[in-house]
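Shown next, in structure tokens, is the structure this report addresses.
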Amino acid sequence: MTSDNTKDAKNQVLNTCQDMESAKLVIGSSGNASFRVEGTDHVAITPSSVDYSCMSAEDVLIINMEGEVVEGDRNPSIEHPLHLAVYTARPDVNAIVHTHCIYASAMAVLRQPLPPIVDEFVIRLGGQVEVAEYGQPGSEELAKNVIEALGERNAVFLANHGALCCGPTMDVALYNALLLERVAHIYLLASAAAGGKKQLTTIPPDAIETQAQMFELMKRMKKR
Ligand SMILES: [Zn+2]
């Protein structure tokens with residue numbers, strides 16, 4: 001029988017996919033989201049190839065940490081090895097949002113890390129956002145490269161692909177994805193306005209340090 005926690009996890013994934021589409025972070029069935037089912041070692045994850053506009057909570061899959069389907073009739077997202085690798089490496093992460101949004105993807109194509117150029121960035125994302133080396137979608141290589149580049153932060157670019165954001169709750173993971181897209185947009189606009197002639201200035205080192213401490217504090221406070 002489906003537990004309340006499983007039902008809640010499925011609804012969180014569904015609502016987030018619809019929010020991702022409304023915010024133009026993805027189109028059609030691209031990108032994906034997942035959420036740890038509280039009190040279990042299961043994960044609720046987007047099905048493969050189902051448009052978000054017609055997805056229902058029953059379409060969301062429940063898988064175990066080996067990637068086997070525990071509940072649901074569809075196939076899990078091709079990127080489930082990536083999601084499971086992040087959950088294994090990061091016990092503080094309960095939610096993951098993977099997007100193909102325009103400005104973050106442009107950074108991923110440029111293979112350009114995103115430095116802390118505005119306030120709030122380090123508090124939410126943990127520091128400069130790095131670029132994971134290329135790996136084919138769904139591959140163990142991609143999962144390994146993402147874990148390496150993500151480190152203890154809450155966002156990473158996937159070379160020539162898109163971005164992945166995470167957090168202790170689904171709301172935080174989605175917020176982080178929106179923030180990353182916004183700051184990537186600002187970075188690209190400012191770089192273009194400078195004609196590529198000027199290195200953009202980050203927030204000062206002491207502000208980076210203070211905000212990094214707040215990030216660590218928030219990480220500890222938001223544990224389940
Ligand atoms: Zn993708």
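The analysis underlying the following values was restricted to heavy atoms, covering all of them including side chains, and did not include hydrogens, waters or symmetry mates. Note that the numbering runs from 1 along the sequence shown for the chain.
Sequence neighbours left out, the pairs with a member in residues 74-86 that pass side-chain hydrogen bond (donor to acceptor under 3.5 Å, both in side chains) are N32-S77, N32-H83, S34-H83, D59-R74. Applying the ring-ring contact (aromatic ring centres under 6.0 Å, His included) test to pairs two or more places apart or on separate chains, those with a residue in residues 149-168 are H98-H161, H100-H161. For residues 204-213, every residue pair satisfying the side-chain hydrogen bond (donor to acceptor under 3.5 Å, both in side chains) rule, not counting sequence neighbours, is listed here: D119-Q211.
With sequence neighbours excluded, the residues that form a side-chain contact (heavy atoms from CB on, under 4.5 Å) with T6 are T2, S3, K10, V37, I62, E71. Scored by the side-chain contact (heavy atoms from CB on, under 4.5 Å) test, P81 finds E140 as partners (sequence neighbours excluded). A search for salt bridge (charged side-chain N to carboxylate O under 4.0 Å, His left out) contacts involving E58 returns nothing, not counting sequence neighbours. For Q136, there are no side-chain hydrogen bond (donor to acceptor under 3.5 Å, both in side chains) partners at least two apart in sequence or on another chain. Residues satisfying the salt bridge (charged side-chain N to carboxylate O under 4.0 Å, His left out) criterion with E152, sequence neighbours excluded, are R90, K219. Residues satisfying the side-chain contact (heavy atoms from CB on, under 4.5 Å) criterion with E181, sequence neighbours excluded, are L25, C101, I102, Y103, A104. Legend: residues meeting side-chain contact (heavy atoms from CB on, under 4.5 Å) with Q199, ordered by chain and number and at least two apart, are absent. Residues passing the side-chain hydrogen bond (donor to acceptor under 3.5 Å, both in side chains) test with R182, sequence neighbours excluded: none.
Applying the 4.5 Å side-chain rule to ILVMFWY residues, one finds V43, I45, L61, I63, M65, V69, L82, L84, Y87, V93, I96, L142, V146, I147, L150, V156, L158, L164 in the same cluster as V86.
Residues V129 and F121 approach most closely at CG2-CZ, 3.6 Å, considering heavy atoms. The minimum heavy-atom distance linking A33 with T16 is given by the pair CB-CG2, 4.2 Å.
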